[in-house]
Amino acid sequence: MRRIIIAIDGYAATGKSTTARGVAEALDYLHIDSGAMYRAVAWFLREKGVSTPTAEALPELLQDFTLHLEREGKEMVVYVGDRRLEEELRQPEIATFASEVSVFPVVRERLIAEQRRLGRKGGVVMDGRDIGTVVFPHAELKVFMQADLAARVERRYRELLQRGLPADKEAIARELIERDHRDETRPISPLRKAPDARILDTTHLTIPEQIAQVVTWAKELIYAPTV
Ligand code: DC
């Protein structure tokens, strides 16, 4: 059976990672959350006390940055050096800082090389911002996720409350708008729908519905007769 590459891109808080994880589970594929890799760089720089990185300083700062993803059960866990990172990467300020550091070519080049290595054999669902456009432009299935701002704010708000973190809807909306704008307007690998990506609008969908839609698209391709 063909083991395809599924690229899921889209705006923040549209449910990309949750959908990608569910699709990977349904197909017994590997899920790679590329955002977690950018968050890992952000976390690493934070630990070094860096708050405003520059293109000049970054190559040296990243010299001792080593990232690896380890499969633990169904999850891929991120390690920087021998430090296992989980909750650290899910802090809202790390998301914002990840978006800031992701504009630098030196950061993107390193992570993209690793993402391509991880996905080269297929059987992978990778979510991010530039997976269908830059990392795997030949991915068999590309999905671009979007949702109304109000739905995304609500989703993030409930997630933060569930995790026992402070949540304020106005602040969440501001953060999402600012981050999407930065991700869409950066000069390299901006967040953009690939011309051949299918749009998945999740405003009125539940998570199981989102997953089911992508699985249906994937199966159509996996089981399509090859000519
Ligand atoms: O998917 P996420 O919210 O965890 O991503 C955090 C930030 O990382 C996002 O705002 C921009 C950056 N990112 C990126 O530039 N390219 C990717 N493929 C994934 C994430």
Side-chain angles (χ1 to χ4, degrees), residues 5-21 23-24 31-46 53 55 58 62 65 67 69 75-78 80 85-119 124-137 139 142-147 149 152-153 155-157 159-160 163 165 172-194 197 200 202 210:
I5 294 179
I6 303 175
I8 301 184
D9 292 303
Y11 293 96
T14 49
K16 292 187 301 295
S17 292
T18 312
T19 303
R21 192 178 311 119
V23 171
H31 167 223
I32 295 163
D33 172 1
S34 71
M37 298 166 82
Y38 288 91
R39 287 168 187 252
V41 174
W43 175 86
F44 176 82
L45 292 172
R46 257 296 147 79
L58 269 173
L62 290 176
F65 172 76
L67 170 86
L69 304 184
E75 291 297 315
M76 293 295 283
V77 178
V78 176
V80 170
L85 297 174
E86 265 190 320
E87 197 49 41
E88 294 88 340
L89 300 185
R90 296 174 61 211
Q91 304 305 317
E93 60 277 11
I94 287 292
T96 302
F97 196 36
S99 169
E100 289 166 17
V101 302
S102 74
V103 306
F104 293 100
V106 62
V107 172
R108 303 205 71 83
E109 280 157 19
R110 279 222 18 205
L111 298 186
I112 289 172
E114 181 64 10
Q115 289 153 9
R116 288 189 177 138
R117 199 185 61 74
L118 290 164
V124 68
V125 188
M126 194 176 291
D127 70 281
R129 303 293 187 290
D130 60 341
I131 310 305
T133 50
V134 175
V135 181
F136 293 118
K142 299 180 187 179
V143 178
F144 190 82
M145 289 180 58
Q146 60 187 36
L149 181 65
R152 299 193 287 135
V153 169
R155 196 185 304 242
R156 192 47 50 92
Y157 177 74
E159 181 198 318
L160 289 172
R163 287 163 52 204
L165 294 171
I172 295 170
R174 246 183 285 119
E175 187 267 328
L176 289 179
I177 292 169
E178 193 187 309
R179 192 146 67 94
D180 286 339
H181 178 72
R182 188 184 307 105
D183 294 345
E184 275 182 312
T185 55
R186 66 174 174 234
I188 53 162
S189 303
L191 164 63
R192 192 158 294 159
K193 177 190 162 301
L200 182 62
T202 63
Q210 295 169 200

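Counting starts at 1 for both ligands and their atoms, following the listed order. None of these values were measured; they are calculated from a predicted model.
Of all atoms in ligand 1, numbered sequentially from 1 with element shown, those under 4.0 Å from a heavy atom of Asp130 are 16 (N), 17 (C), 18 (N). Near Ser102, meaning under 4.0 Å from any of its heavy atoms, are these atoms of ligand 1: 11 (C), 12 (C), 15 (O).
Figure legend: Arg46 and Phe97 shown as a cation-pi pair, the cationic atom lying under 6.0 angstrom from the six-membered ring centre and within 45 degrees of its axis.
Look at Arg186 and you'll find a heavy atom under 4.0 Å from some atom of ligand 1.
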*Criterion side-chain contact (heavy atoms from CB on, under 4.5 Å) on Arg192 and Glu184, from CA distance to verdict*: CA-CA 7 Å; Arg192 192 158 294 159; Glu184 275 182 312; over 6 Å; no
_From CA spacing to verdict: side-chain contact (heavy atoms from CB on, under 4.5 Å), Arg152, Thr14_ = CA-CA 6 Å; Arg152 299 193 287 135; Thr14 49; 3.5 Å; yes
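With respect to Glu114 and Arg110, no salt bridge is recorded, no charged nitrogen being found less than 4.0 Å from a carboxylate O. With salt bridges taken as basic N to acidic carboxylate O contacts below 4.0 Å, one links Glu178 and Arg182. Between Arg163 and Glu159, at least one side-chain nitrogen of the basic residue sits less than 4.0 Å from a carboxylate oxygen of the acidic one, meeting the salt-bridge criterion. Under 4.0 Å is where a charged nitrogen must lie from a carboxylate oxygen, and between Asp9 and Arg129 no such pair does.
The protein heavy atom nearest to atom 16 (N) of ligand 1 is Arg108 NH2, 3.1 Å. Protein heavy atom in closest approach to atom 1 (O) of ligand 1: Arg129 NH1, 2.8 Å. Of all protein heavy atoms, the one closest to atom 6 (C) of ligand 1 is Arg179 NH1, 3.5 Å. The protein atom (non-hydrogen) at minimum distance from atom 19 (C) of ligand 1 is Ser34 OG, 3.4 Å. Among protein heavy atoms, atom 13 (N) of ligand 1 sits closest to Tyr38 CD1, 3.6 Å. In this structure, atom 4 (O) of ligand 1 lies nearest to the protein heavy atom Arg39 NE, 2.5 Å.
Counting heavy atoms closer than 4.0 Å to ligand 1, residue Ala12 contributes nothing at all.
Not counting sequence neighbours, the partners of Tyr11 by the ring-ring contact (aromatic ring centres under 6.0 Å, His included) test are Phe144.
For ligand 1, none of its N or O atoms has an N or O atom of Asp127 under 3.5 Å away. Remark: ligand 1 and Asp183 share an N or O pair separated by less than 3.5 Å (distance only, no angle test).
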